[in-house]
**Q** 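Supplied in structure tokens, the structure appears directly below.
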Amino acid sequence: MSQYQNQRPRNGRYGRPQFSSNRSSNRRQPKKAYIHPSRFIQSAKPVSASDFTPTNKFIDLELHPLIKGNLIKMGYSEPSPIQDQAIPLGLEGKDIVGIADTGTGKTAAFAVPLLNRLIMERNTQAIILAPTRELAQQIEEQCRHIAKGSGLDGALLIGGMAMGPQLRELRFNPRIIIGTPGRIKDHLERRSLILDQCNIVVLDEVDRMLDMGFVNDIREILSKTNQRKQSFYFSATLDNRVKAIIDTFSVNPIQISVKTGETSSNVEQNIVPFKSVSEKIGKLHDLLIQDAFAKTLVFDDTHHSVENLSKELSIRGFSTDSIHGGKSQSQRQQVLKRFKENHIKVLVATDVAARGLDVSDITHVINYSSPQTYEDYVHRIGRTGRAGKVGYALTFVESNS
Ligand code: AMP
């Protein structure tokens, strides 16, 4: 049975989740880096989509007609800047390093050439690694839309889900494997996954995967793939750790960059000073009752603090829920769905939600606790101000004066 053809996952495709918690997020948080509050204040300088004229049109690219048709159905009328550069090079079989902010359309930038190759060339198999389960799921969803009707078969291998359905999927020799490094390594160790023939590799959000400690897993997984392969690396930053991975597995990849600056230019950023805990919650309350805060993502540090804050806001009458690594995968999915579909207005989250989540219309991001690093800050606030809209980010800062 073909997953991409039917759009209906196999039995157990998103099978009953195990109620295991994400161990890493139970760990004590590392000490936070000091970030000067002035870095949380910045006026938005929105870049209008009309400022960009793509060199290519999807219709003119050498793409399988099925993919062209699906892109139109998805409402993709023309390529985004990263897609404009990456897709033609990807179709030529080049290795690509894409430096791109979140929300720039980077998923389709690698998924379109990759899926085109899978459809056109029989002896191809692809693997896509992503840092979080949510991001892996979103990538898989987009791939299914782009390749709908192609008959391609895929497997989603993420932690927090039962092994059984994944083992069943792997027995069909799927042409596209999408997942998180930990679970993919588990499958390699069990020999339920063999990657000798895998000749297209994508590492999405490489910097984030390295931050999460996946460096050895990534190296091991890549070393098991075919020697002759096309590779795509996408990362918000290109530091020495990221370069080291790329240098090991690629020769002279082409680097493209569409970074708009150190932080999202579409986000109006400011601070909220507070002196005491009671004043802090009061200030949050006063913000959230405003009509403008139509869909707000609030960040806090730990499972516990997120749960408590979410309960407190609920008691205060806000429609709210929480997402963190202590929730099962299916619970997280349900909460996200309710947030996407506007059944809840306030989502309280740990950094689990900070990367790659594609909820297009978040009006405000509130850092109720300050982020671990400025890098994390950039990713948190990148959840708003998407698709050419202006977003707002507010960071609570303790003031002694
Ligand atoms: P990404 O950065 O891949 O997470 O994409 C961000 C959002 O932009 C997603 O909702 C995509 O569906 C959407 N998107 C990506 N490429 C295009 C395009 N060429 N035209 C319109 N929307 C797009």
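First listed ligand is number 1; within each ligand, the first listed atom is number 1.
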**Q** Would you mind finding which of G105, A100, P81 brings a heavy atom closest to atom 2 (O) of ligand 1?
**A** G105
**Q** Please list, chain by chain and in numerical order, all residues satisfying salt bridge (charged side-chain N to carboxylate O under 4.0 Å, His left out) with E189, sequence neighbours excluded.
**A** K185
**Q** Decide, yes or no, whether a salt bridge links D217 with R183 under the criterion of side-chain N to carboxylate O below 4.0 Å.
**A** no
**Q** For ligand 1 and T107, I'd like to know whether there is a polar contact (N/O to N/O, distance under 3.5 Å).
**A**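 Yes - when backbone and side-chain N and O of T107 are compared with those of ligand 1, one distance drops under 3.5 Å.
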**Q** Does a donor on one side chain and an acceptor on the other come within less than 3.5 Å for Y368 and S305?
**A** no
**Q** Excluding sequence neighbours, so at least two apart, what forms side-chain contact (heavy atoms from CB on, under 4.5 Å) with I194?
**A** R191, D196
**Q** Out of all atoms in ligand 1, which are within 4.0 Å of some heavy atom of E78? Include the element for each.
**A**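 With E78 as reference, the close atoms of ligand 1 come out as 18 (C), 19 (N), 20 (N).
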